[in-house]
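What follows is one structure encoded as structure tokens, with my remarks underneath.
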Amino acid sequence: MAFSEKRENNGAAEDSNHSRLIKLREFDDTKLGVKGLVDAAVAKVPEIFRISNNNNKHQLPSDLDHSSSGSVLTIPVIDLKHPNTTAAAAVRREIVGGIRGSCEEWGFFQVVNHGIPEGILDEMIQGVRRFHELDPEIKKRYYTRDLISGFFLVSNFDLYRSAAASWRDTMGCVAAPDLPPPEQLPDATRDILIEYSKQVKQLSKTILELLSEALGLEPNRLNQLGCGAGQLLLGHYYPACPEPEVTIGVTDHTDASFITILLQDQIGGLQVLHRNKWVDVQPRKGALVVNLGDLLQLVSNDKFISVSHRVVPKRIGPRISVACFLRPLIHKGDTDSPPVYGPIPELLSEENPPVYVEADVREFMRIHSSRGLDEPSPLQHFRV
Ligand code: OGA
Ligand code: NI
């Protein structure tokens, strides 16, 4: 290719990047997210949301192919039933064994009989819905890209970094160790957000105990490591999409957390990558989805895996989900020295040398949040 021709091509790419940036800003400046587009009755998905084959950066099956394998496989369901005294030890062994298998094979499982009443789950979904369906002028006041200083609304936290925007808006806040002061939380969701995040914190303790045992560690090990100390709660709203085949709800990604506890409504759309095929996570009333994040993969030295997942959009909606990311403390103003996480020593041996170096979690999270969700996970940076 002649030099001048090459320059012209580069020039065209720059122009198109520039016009994309203008469109992204215009969309962002509305502060009304995808819900705003749907309220304005757009008949077509705007350009910034369209996935083209040449912006699929992955080797994974393309986001443009929304089909799941249609297989009968489903992620394992773990019954956390409170063991009665006589059967306690055997029941616990069974639960721990089920979790171990799920974490090695899928990185995902669903829990039932987890102790959070169904009424609270339903009300949490409703609380997220009420917020996203508030009067636009009220809702706008919460719109910000700062996800750690208080309650926020944002559409696509990686809007300016991903190859294509996703058909989704998100509200949320850091919910542990402390929620923002109650007066900063919107009425539409305040009470249930406080209650739900408390319940999730409790449940996460139990799940981290079971995970510790599943790794062959003392039950308290992961809790003592602070794996559940911080919580980021996100309430996603996936509006009905006029052209679901051209965009994505959440592009395929792994979570940065230790574990994520996910509540979804009955619409469906979440898919998990299993043996290089997408498998639907069928909504199950009253259940919660648990998945492992990159930090758990790191401390488990790859014994347990953080698995890619995505959400495909639908013509029907809205779909609502609530993701609670259990993660270390990394908030603004933390004065303690930054925690560092590496493979847990008890899991290492001559046959099992560390596959990660120690990671400073602030650095880990900085890498996580300075990239598009569609780019490689920060785990790669810390591989030996
Ligand atoms: C996430 C996520 C899935 C969903 O927030 O990281 O994967 O169903 N959400 O909303
Ligand atoms: Ni996720």
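Note that ligands are numbered from 1 as they come in the structure, with each ligand's atoms numbered from 1 the same way. Since we're looking at a predicted model, the values are computed, not measured.
Close approach of ligand 1 to Phe325 is summarised as follows: ligand atoms under 4.0 Å from at least one heavy atom of the residue are 1 (C), 5 (O), 6 (O). For ligand 1, the atoms closer than 4.0 angstrom to any heavy atom of Ala323 are 5 (O).
Proximity of Asp255 to ligand 1, defined as any heavy-atom pair under 4.0 Å, is confined to the side chain (atoms from C-beta onward). When non-hydrogen atoms are compared, ligand 1 lies under 4.0 Å from neither the backbone nor the side chain of Arg310.
Residue contact annotation: His253 has a non-hydrogen atom under 4.0 Å from ligand 1. Assignment of Arg319 to the shell around ligand 1 is supported, since a heavy atom sits closer than 4.0 Å. At least one heavy atom of His309 sits less than 4.0 Å from an atom of ligand 1.
Angle OD1 (Asp255) to the Ni ion (ligand 2) to NE2 (His309): 100°, rounded to 10°.
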query = Stepwise, does the ring-ring contact (aromatic ring centres under 6.0 Å, His included) test hold for Tyr143 with Phe152?
reply = CA-CA 6 Å; Tyr143 197 88; Phe152 61 82; 9.8 Å; no
key: Steps toward ring-ring contact (aromatic ring centres under 6.0 Å, His included) verdict (Tyr238, Trp167)   = CA-CA 6 Å; Tyr238 301 84; Trp167 201 253; over 10 Å; no
key: Intermediate values then yes/no, salt bridge (charged side-chain N to carboxylate O under 4.0 Å, His left out), Asp135 and Lys139   = CA-CA 6 Å; Asp135 182 297; Lys139 218 172 81 168; over 6 Å; no
key: Stepwise ring-ring contact (aromatic ring centres under 6.0 Å, His included) check, Phe382 with Tyr356   = CA-CA 5 Å; Phe382 300 97; Tyr356 297 101; 8.4 Å; no
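We find the CD1-OG distance between Ile344 and Ser212 to be 7.0 Å, quoted to the nearest 0.5 Å.
Closest to atom 5 (O) of ligand 1 among all protein heavy atoms lies His236 NE2, 2.7 Å.
The shortest distance between side-chain heavy atoms of Arg327 and Val174 falls below 4.5 Å.
For the pair Ser19 (side chain) and Ser16 (backbone), a donor-acceptor distance under 3.5 Å is present.
Between Leu262, Val289, Asp265, it is Leu262 that holds the heavy atom closest to atom 9 (N) of ligand 1.
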